[in-house]
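What you see is a predicted model; the values in this text were computed from it and never measured. Residues take their numbers from the sequence shown, with the count starting at 1.
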Amino acid sequence: VQLQASGGGLAQAGGSLRLSCAASGLSFNNYAMGWFRQAPGKEREFVATISWGGSSTLYADSVKGRFTISRDNAKNTVYLQMSSLKPEDTAVYLCGASAYLSSDHQNYSYWGQGTQVTVSS
């Protein structure tokens, strides 16, 4: 199983970035997908998750209204559209696959390598 995250980079506060996570080696349609983030010295933090069919989503309060998670099952890819970025959004963003919708990273079976997002003030 491989989850390849991409799209990170440097953005100014108030700007936008779109992350992608391409999956292979698993039945993508059967998994909920999630985004988490981890800043240096901090624990992994839930960001957003989407059900296998895309009909249900959950967001962390800190990103609600600013970030949007979506998926394209035909492309085995999940996205995270990030807008109104803040310096505190700076972290490595990781995508994961779970058998069910969950905000708990312990429920995720597979992880990608992450992509760095840096937001300058």
Side-chain angles (χ1 to χ4, degrees):
V1 174
Q2 283 194 331
L3 301 177
Q4 184 70 40
S6 61
L10 179 64
Q12 291 189 333
S16 299
L17 284 173
R18 189 194 195 204
L19 306 184
S20 299
C21 175
S24 60
L26 78 169
S27 297
F28 186 73
N29 293 10
N30 291 341
Y31 285 87
M33 299 297 295
W35 286 98
F36 290 73
R37 65 189 182 187
Q38 191 160 17
K42 294 188 176 182
E43 294 189 353
R44 191 165 296 189
E45 176 189 17
F46 167 71
V47 176
T49 183
I50 186 167
S51 61
W52 64 270
S55 60
S56 298
T57 56
L58 292 174
Y59 293 93
D61 287 344
S62 58
V63 307
K64 203 170 292 183
R66 301 188 298 121
F67 291 9
T68 302
I69 189 170
S70 62
R71 67 189 293 161
D72 185 338
N73 286 350
K75 295 182 178 180
N76 285 6
T77 301
V78 61
Y79 305 97
L80 185 69
Q81 178 67 49
M82 306 187 294
S83 302
S84 302
L85 284 164
K86 304 176 180 179
E88 51 264 43
D89 293 321
T90 296
V92 174
Y93 282 71
L94 305 105
C95 60
S98 173
Y100 50 93
L101 203 67
S102 175
S103 61
D104 186 345
H105 66 88
Q106 296 184 75
N107 293 324
Y108 283 72
S109 304
Y110 305 108
W111 291 97
Q113 86 292 352
T115 185
Q116 176 71 45
V117 170
T118 303
V119 183
S120 63
S121 57

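- Scanning both residues, Leu94 and Val92, for their nearest heavy atoms gives CD1-O, 3.7 Å.
- Here the CZ atom belonging to Phe67 is positioned 11.0 Å from the CH2 atom belonging to Trp35, to the nearest 0.5 angstrom.
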For residues 74-83, which side-chain donor-acceptor pairs fall under 3.5 Å, sequence neighbours excluded?
| residue | atom | partner | partner atom | Å |
| --- | --- | --- | --- | --- |
| Thr77 | OG1 | Lys75 | O | 2.8 |

Less than 3.5 Å apart, which donor and acceptor atoms pair up between the side chains of residues 45-52 and the rest of the protein, not counting sequence neighbours?
| residue | atom | partner | partner atom | Å |
| --- | --- | --- | --- | --- |
| Glu45 | OE1 | Arg37 | NE | 2.9 |
| Thr49 | OG1 | Met33 | O | 3.0 |
| Thr49 | OG1 | Tyr108 | OH | 3.0 |
| Ser51 | OG | Gly54 | N | 3.4 |
| Ser51 | OG | Ser55 | N | 3.2 |
| Ser51 | OG | Ser56 | N | 3.0 |
| Ser51 | OG | Ser56 | O | 3.4 |

Evaluate side chain to side chain contact (heavy atoms under 4.5 Å, CB included) for Glu88 paired with Val119, printing each intermediate quantity in order.
CA-CA 8 Å; Glu88 51 264 43; Val119 183; over 6 Å; no
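- In the hydrophobic clustering of ILVMFWY residues, with side-chain heavy atoms under 4.5 Å counting as a link, Tyr93 and Tyr110 come out together.
- Every residue two or more places apart in sequence or in another chain was checked for a side-chain hydrogen bond (donor to acceptor under 3.5 Å, both in side chains) with Ser84, and none qualifies.
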Using distance only, find each side-chain donor-acceptor pair of residues 1-22 under 3.5 Å and give its atom names and separation, not counting sequence neighbours.
none

Show every donor-acceptor pair shorter than 3.5 Å between a side-chain atom in residues 57-65 and any protein atom, with sequence neighbours excluded, or say none if there are none.
| residue | atom | partner | partner atom | Å |
| --- | --- | --- | --- | --- |
| Tyr59 | OH | Ile69 | N | 2.9 |
| Asp61 | OD1 | Lys64 | NZ | 3.2 |

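- Considering only residues two or more places apart in sequence or on other chains, Ser109 meets the side-chain hydrogen bond (donor to acceptor under 3.5 Å, both in side chains) condition with none of them.
- Within the model, atoms CD of Gln113 and OG1 of Thr115 stand 7.0 Å from one another, a figure rounded to the nearest 0.5 Å.
- When every heavy atom of Tyr31 is checked against every heavy atom of Ala97, the shortest pair comes out as CD2-CB, 3.9 Å.
- For residues 95-121, no residue pair satisfies the salt bridge (Lys or Arg N to Asp or Glu O under 4.0 Å) rule, not counting sequence neighbours.
- Taking CZ of Phe36 as the start and NE2 of His105 as the end, the distance is 7.5 Å to the nearest 0.5 Å.
- Clustering of Ile, Leu, Val, Met, Phe, Trp and Tyr side chains at separations under 4.5 Å leaves Tyr100 isolated, with no partner residue.
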